[in-house]
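Side chains are part of it too, since the values below use all heavy atoms of this structure and drop only hydrogens, waters and symmetry mates. Given the structure is predicted, the values throughout are model-derived calculations rather than measurements.
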Amino acid sequence: MVSATKQGPDPAAKDGAPGPGAPSPASHPAAGDAAGPHGGPPPAPEHTDAISPGLRRVAFRAHLWQRRALIVSLRVARLVATGFRRFLPALRYIERSVHQRWRRSLQFRTVLTTLLLAVTSFAVVGAYLSNQIANNLFQERLTQAESETRYNVKQVQDTFDGAQVTDQSSVITLVYDTLNAVEGRGSVIQRRYVFEAMPEQTKPRNRWVESRASDQLTVSVIPPELRKAVQESGKDQYWASTVIPVGTEDRPGIAVGNKVTFNGTVYELYLIYDLNTAQQTLDEIQSVLWAGGAVLVLLIGAVAWYVTRNVVSPVSHAAMVSEKLAAGQLQERMVVRGEDEVARLGASFNHMAASLQEQITQLATLSQMQQRFVSDVSHELRTPLTTVRMAAEVLYEAREDFDPINKRSAELLYHQVERFQSLLSDLLEISRFDAGVAVLDAEPEDILQVIVHVLEGAAPVAEQYGSIIVLTAPKGPIIVDMDARRIDRILRNLILNAVEHGEGKPVNITVAASRTAVGVAVRDHGIGMAPAEAARVFDRFWRADPARARTTGGSGLGLSIAMEDTKLHNGWLQAWGKKGSGANFRLTLPLRQGEEIDKSPVQLEPEDIVLPGEPGNRNMLVLGTGPGAGSPLPAPAPVPAPREGT
């Protein structure tokens, strides 16, 4: 339907209504309503509160509903917060799981990266294609709309120019029929119109049509910019995108504007084309693109998963086999299928595993043979060595009756037999460690008593070298779960080595304890050793200076046995040294068996001799020559060690 606007007299005037200047009936009330009964002034209105209770009830109900809304809002907010708090741990768990999976799974990382790249690429390409398709469809519809508009506007102008009508009804009928011929379906696009007289022009006497438009359309659907361009132009044609109402929905459209003249009046004629079919086509194309893209991304993910699985599975299998080989399962091998690169990798891996198994088996067999040989030889030598030692002792005790040459020979024989027996004992002990039959006989004992016992045995050696042994320890006993025989052997090795290599300088022994561990540091100030030598000092038969002769003990196995004894106690035995500044050996033991050590109570790299604890909580024992040697002193000043150079 086409809505028409008919120009005519005001209906209110025909009904006898007063004009704008006429007084309103409301301004002249009837005499009986305005005057009093005697023609006096009107009575004052009667005061009443009849509406107040109603207003109060409305205000009360409004306040009540406001409070109810506030309560409901608070409850909803509380529920949302509770749900978020419960949902947040799940999100964190998912985040941790994905992060852990990302770090540990090459297949997951590859597939996820491939999917992200595929989605990004498809989004970029899809957006570009959608934009190009939309532009092409719009340009096609715009070109067609401009062409049809030129043709229809020409037809309308020709009809108006050839019209021979003079009365109002004929003019309205002519305009109605002409515009109805323009409205309807074009070749593709639904076409509508808006016909509006240009403003600010002289109104002729016979202008009976001001505006006309298709159903549901008004001049407001025309963009102001387009109207301004049409009004200011001559015979040019302009267009603009707009939105047109169709039923209950709004559709995209194109408005093309021109000027036409009829009976001396210039009109704006806008033909509006519905682009809903083009929009539907574009939506279908985008739907197909997105659906195809989603399927394509899933296919790419499946292909990436399959390919990476074929590549990663052999690698994962190789890693699992490697872990089993490292755990001692030397018979494990990879499964080899095919002849490709992965198969060649598996075959090479199996060949390497077989070679390693053979070499490790040979080394294990050789080690067992060596251990058995050392053990057998040591056991076999004990009986003849005991006989030789007894004979050497007899000769040594009778050396005063010999001439000087035989006396010296008897002394050399005695001392070398002593060293040989010590070496044999060390070899037997090492063979027990290698065979894994060394047993720890741990009992709670005071480690200070063990240290004092060792110092009593080392005192003659210290006196021979002219060294002073200074023991600094806390007051009271330090009870440790330990094998006293093995700890005695460890400390004897450390103290005698410090005295032997201390070059007559003081040897400091520092004892300290924490809640979980006890530490014993043996510090000398002799020739010292380099860091590389400190790293090898616990190797068997290793000597920092092979040309240097040993004058006491020195089987070459003492520190190695000390390290093995320390390992049995689950403790630490560490060494520090510096050329010209001496060396420091630190023994750290747990107070209770089964406990782990996290920190030693004494320092490994000393800059000076630091006495632990307060002066009233520590004791010092000095062994050596001079006044006061061998007597406990109440925390005297310590003997300083040479400070390290910087």
For this session: Inspect the contact between Arg489 and Asp565 and indicate whether a charged nitrogen and a carboxylate oxygen are less than 4.0 angstrom apart.
Result: yes
Exercise. Taking side chain as C-beta onward, heavy atoms only, is Leu363 less than 4.5 Å from Thr361?
Worked result: no
For this session: Check salt bridge (charged side-chain N to carboxylate O under 4.0 Å, His left out) between Asp539 and all other residues, then give those that pass, not counting sequence neighbours.
Result: Arg536
For this session: Check for a donor-acceptor pair, side chain of Asn584 on one end and backbone N or O of Glu605 on the other, with a separation under 3.5 Å.
Result: no
Problem set entry | Ile300 vs Thr114 side-chain heavy atoms within contact, under 4.5 Å | yes
Exercise. Looking at Val602 and Ala512, what are the two nearest heavy atoms and their distance?
Worked result: CG1-CB, 3.6 Å
Seminar exercise, completed: Here the gap from Thr472 atom OG1 to Ile509 atom CD1, rounded to the nearest 0.5 Å, amounts to 9.0 Å
Which pairs of donor and acceptor atoms, one on a side chain in residues 403-410, lie under 3.5 Å apart (sequence neighbours left out)?
residue	atom	partner	partner atom	Å
Asp403	OD1	Ile405	N	3.1
Asp403	OD1	Asn406	N	3.1
Asp403	OD2	Asn406	ND2	2.6
Ser409	OG	Ile405	O	3.0

Exercise. Counting distance only, does the side-chain N/O of Asp483 pair as donor-acceptor with the main-chain N or O of Ala442 below 3.5 Å?
Worked result: no
Exercise. Under the side chain to side chain contact (heavy atoms under 4.5 Å, CB included) test, which residues partner Ala319, sequence neighbours left out?
Worked result: none
Exercise. Closest approach of Ile597 and Trp572, non-hydrogen atoms and distance?
Worked result: O-CZ2, 3.3 Å
For this session: Measure from the side-chain N and O atoms of Arg399 to the backbone N and O of Tyr396, and report whether any donor-acceptor pair falls under 3.5 Å.
Result: yes
Scan the side chains in residues 327-338 for donor-acceptor partners under 3.5 Å anywhere in the protein, sequence neighbours excluded, and list what turns up.
residue	atom	partner	partner atom	Å
Arg333	NH1	Leu330	O	2.7
Arg333	NH2	Gln357	OE1	2.6

Seminar exercise, completed: For Ser600, the side-chain hydrogen bond (donor to acceptor under 3.5 Å, both in side chains) test, sequence neighbours excluded, returns Thr588
For this session: Please tell me if the side chains of Ile468 and Lys505 come closer than 4.5 Å, counting only heavy atoms from C-beta onward.
Result: no
Exercise. Are Ile487 and Leu589 side-chain neighbours, meaning at least one heavy-atom pair lies under 4.5 Å?
Worked result: yes
Problem set entry | Arg92, CZ atom: more than 12 neighbouring heavy atoms under 6.0 Å | no
Exercise. Atom CG in Leu395, atom CG in Asp401: separation rounded to 0.5 Å?
Worked result: 11.5 Å
Problem set entry | Exam field: side chain Glu595 to backbone Pro590, donor-acceptor pair closer than 3.5 Å | no
Exercise. In terms of heavy-atom contacts, does NE2 of His351 have more than 12 from other residues, nucleotides or ligands at under 6.0 Å?
Worked result: no
Exercise. Are any of the side-chain heavy atoms of Glu503 and Ile527 separated by less than 4.5 Å?
Worked result: yes
Exercise. Going by an N to O cut-off under 4.0 Å, is there a salt bridge joining Glu533 and Lys578?
Worked result: no
Problem set entry | Gap between atom CE of Met563 and atom CG of Leu568 - 0.5 Å precision | 12.0 Å
Exercise. Got His569 and Gln593 here, is their nearest side-chain heavy-atom distance under 4.5 Å?
Worked result: yes
Exercise. Can any side-chain N or O of Asn497 pair as donor or acceptor with the backbone N or O of Asn493 at less than 3.5 Å?
Worked result: yes
Problem set entry | Exam field: side chain His317 to backbone Ser313, donor-acceptor pair closer than 3.5 Å | no
Problem set entry | Contacts of Glu393 that satisfy side chain to side chain contact (heavy atoms under 4.5 Å, CB included) - sequence neighbours left out | Arg389, Tyr414
Problem set entry | Approximate separation, where rounding is to 0.5 Å, of Phe538 CZ and Glu564 CD | 11.5 Å
Problem set entry | Distance in Å, Glu456 CD paired with Ile451 CD1, rounded so as to fall on 0.5 Å steps | 12.5 Å
Exercise. Can you find a pair of side-chain heavy atoms, one from Leu587 and one from Thr566, that are under 4.5 Å apart?
Worked result: yes
Exercise. Is a side-chain donor or acceptor of His525 paired with a backbone partner of Pro506 at a separation under 3.5 angstrom?
Worked result: yes
Exercise. Less than 4.5 Å apart, any side-chain heavy atom of Thr516 and any of Leu591?
Worked result: no
Problem set entry | Check: Leu440 main-chain N/O paired with Arg486 side-chain donor or acceptor under 3.5 Å | no
Problem set entry | Minimal non-hydrogen separation, Ala517 against Lys599, with atom names | CB-O, 4.4 Å
Exercise. So, the side chain of Thr308 versus the backbone of Trp305: is there a donor-acceptor pair under 3.5 Å, distance only?
Worked result: yes
